[in-house]
Amino acid sequence: MRNEMIVDGLIITTDNAAAIGEKALDQVNVPDRVTAKFAARVALAEQWAAGGQVSAILLHNFSGELHWPRYISGIEELFSELGMKMPPVAGSTESNMETLQSALAVTMIGRKVHVLDEARELQWFVYGEPLTGEAVLTHADRIADLRIVHAALEGKLIERIWPVGSQGIEQEAEKLFGQKMPIASWITKKASGGPATCLLIGVKPTKVQEAQRVFGKYFRPLEE
């Protein structure tokens, strides 16, 4: 398990963002749709990491009523880019108190549709680079492309993914394998992966060469 919760066969994943958006006191100023898109990206990647398929989304909006449609448009944009049908969305907006900074959470509910291979049976790679804040916008070319990831999962080119969050690649690898791992020297071990800008990707040994060709230059071995 990574961060998902499994209840009665349902896989529940979530991500949040604060002080990122269109309010004057936000620390990172970006369109609201971008904030929601990246929060949804994390929750979706964690569904895939658990072998899940999303069937419903909950949006928790602490920014005010005007922000709701902008957040919805960001989630819609993510699913449109992936060629996936948008699941139904419900949720709640804080409309009684006016907040000074933006805040939202995106929760996804799905069901397990894929059996996951044991981590040690696969070869693991880091796809993308760990980025946070403004770097997510200024170095967009270094971010793991979920369109490629989705196609690779559906086509069985890759077997598993594991998003990298705020604890960095070293800690995520330790979670994945259940012990500290000797990771490659090129890796910045503790740098935050922010909104899952990089992923650990598990590939069967027979498909490594094809995967390297498909994913490109930001697809590098996790171990030396």
Side-chain angles (χ1 to χ4, degrees), residues 1-7 10-23 26-28 30-63 67-68 70-82 84 86-94 99 101-112 127-137 140 143-147 149-150 153 160-169 171-172 175-176 191-200:
M1 290 180 63
R2 190 177 181 274
N3 294 324
E4 76 275 10
M5 177 185 292
I6 301 177
V7 181
L10 298 176
I11 297 173
I12 304 168
T13 60
T14 193
D15 191 58
N16 59 68
I20 302 172
E22 298 182 19
K23 289 186 179 254
D26 285 338
Q27 293 191 23
V28 178
V30 297
D32 286 335
R33 63 172 180 78
V34 173
T35 309
K37 180 180 179 181
F38 275 97
R41 168 195 176 90
V42 175
L44 181 59
E46 291 194 346
Q47 284 282 328
W48 293 348
Q53 179 175 292
V54 182
S55 53
I57 299 174
L58 294 174
L59 171 60
H60 313 271
N61 168 26
F62 300 94
S63 303
H67 300 256
W68 178 274
R70 303 171 193 164
Y71 288 153
I72 292 293
S73 71
I75 299 171
E76 289 174 337
E77 185 176 309
L78 174 67
F79 280 87
S80 176
E81 288 179 357
L82 295 171
M84 297 173 63
M86 174 81 166
V89 181
S92 179
T93 293
E94 172 56 78
T99 57
Q101 292 178 302
S102 300
L104 83 158
V106 178
T107 299
M108 296 192 181
I109 302 170
R111 291 193 179 276
K112 194 176 185 77
Y127 175 43
E129 292 190 356
L131 302 170
T132 57
E134 296 287 353
V136 175
L137 302 177
I143 295 174
D145 189 335
L146 288 195
R147 289 172 292 188
V149 174
H150 181 240
L153 282 168
R160 294 185 61 179
I161 74 164
W162 190 277
V164 174
S166 59
Q167 294 179 327
I169 293 172
Q171 285 294 317
E172 296 292 359
K175 282 187 195 177
L176 174 61
S192 171
T197 60
C198 67
L199 310 168
L200 305 184

*Run the side-chain contact (heavy atoms from CB on, under 4.5 Å) check on Leu104 and His60 step by step: do they pass?*
CA-CA 5 Å; Leu104 83 158; His60 313 271; over 6 Å; no
*If you measure from CG on Leu200 to CD1 on Ile169, what distance do you get to the nearest 0.5 Å?*
6.5 Å
*Do the non-hydrogen side-chain atoms of Ile57 and Ile109 ever get within less than 4.5 Å of each other?*
no
*Please identify each residue that fulfils ring-ring contact (aromatic ring centres under 6.0 Å, His included) with Tyr127, with sequence neighbours left out.*
Phe215
*Determine whether the side chains of Glu4 and Thr13 contain a donor N or O and an acceptor N or O closer than 3.5 Å.*
no
_If you compare all heavy atoms of Leu78 against all heavy atoms of Arg41, which two are closest, and at what distance to 0.1 Å?_
CD2-N, 3.6 Å
*So, Asn3 and Glu46: side-chain donor and acceptor under 3.5 Å apart, yes or no?*
yes
*Among Lys112, Met108, Arg111, find the residue that satisfies the side-chain contact (heavy atoms from CB on, under 4.5 Å) test when tested with Gln47.*
Met108
*asked:* Show the nearest heavy-atom pair for residues Glu22 and Asp26, with the distance to one decimal.
replied: N-OD2, 3.2 Å
*Provide the closest heavy-atom pair for Pro195 versus Phe38 in the form atom of the first, atom of the second, distance.*
CG-CD2, 3.6 Å
*Just checking, is any N or O donor in the side chain of Lys175 or Gln167 under 3.5 Å from an acceptor N or O on the other one?*
yes
_Is there a side-chain contact (heavy atoms from CB on, under 4.5 Å) between Tyr71 and Ser102? Walk through the geometry before answering._
CA-CA 11 Å; Tyr71 288 153; Ser102 300; 3.9 Å; yes
*Counting distance only, does the side-chain N/O of Asn61 pair as donor-acceptor with the main-chain N or O of Ser63 below 3.5 Å?*
yes
*What do you reckon, is CD of Glu81 surrounded by more than 12 foreign heavy atoms closer than 6.0 Å?*
yes
*Check: Glu172 and Trp162 side chains under 4.5 Å, non-hydrogen atoms*: yes
*Is the backbone N or O of Ile20 less than 3.5 Å from a side-chain atom of Thr35, with the two atoms forming a donor-acceptor pair by type?*
yes
*asked:* For the CD atom on Gln101, are there more than 12 heavy atoms of other groups (residues, nucleotides or ligands in this structure) within a distance under 6.0 Å?
replied: yes
*Over all atoms of both residues, closest heavy-atom pair of Leu199 and Pro163*: CD2-CA, 3.6 Å
*asked:* One pair to check against side-chain contact (heavy atoms from CB on, under 4.5 Å): Leu58 and Val89. What are the steps and the verdict?
replied: CA-CA 6 Å; Leu58 294 174; Val89 181; over 6 Å; no
*Shortest non-hydrogen contact from Pro130 to Ser192?*
CB-O, 3.2 Å
*For Thr93 and Trp68, indicate whether the former's side chain and the latter's backbone hold a donor-acceptor pair under 3.5 Å.*
no
*Given side chains that start at C-beta, do those of Arg33 and Val30 come closer than 4.5 Å, heavy atoms only?*
no
*So, Thr197 side chain and Leu131 main chain: donor-acceptor pair closer than 3.5 Å or not?*
yes
*Could you tell me whether the side chain of Trp48 reaches within less than 4.5 Å of the side chain of His150, counting heavy atoms only?*
yes
*Which pair of heavy atoms, one from Ile11 and one from Gly51, lies closest together, and at what distance?*
CD1-C, 4.4 Å
*With side chains defined as the heavy atoms from C-beta onward, is the minimum distance between Leu82 and Leu44 less than 4.5 Å?*
yes
*Under 4.5 Å between any side-chain heavy atoms of Thr14 and Val106, yes or no?*
no
*Answer yes if the side chains of Asp32 and His67 hold a donor-acceptor pair under 3.5 Å, and no otherwise.*
yes
_Test item: Ile6 and Ile12 side chains (from C-beta on) under 4.5 Å apart, heavy atoms_ = no
*Answer yes or no: is there a donor N or O on one side and an acceptor on the other, between the side chain of Ser73 and the main chain of Arg70, under 3.5 Å?*
yes
*Show the numbers, then the answer: is there a salt bridge (Lys or Arg N to Asp or Glu O under 4.0 Å) between Glu76 and Lys37?*
CA-CA 8 Å; Glu76 289 174 337; Lys37 180 180 179 181; over 6 Å; no
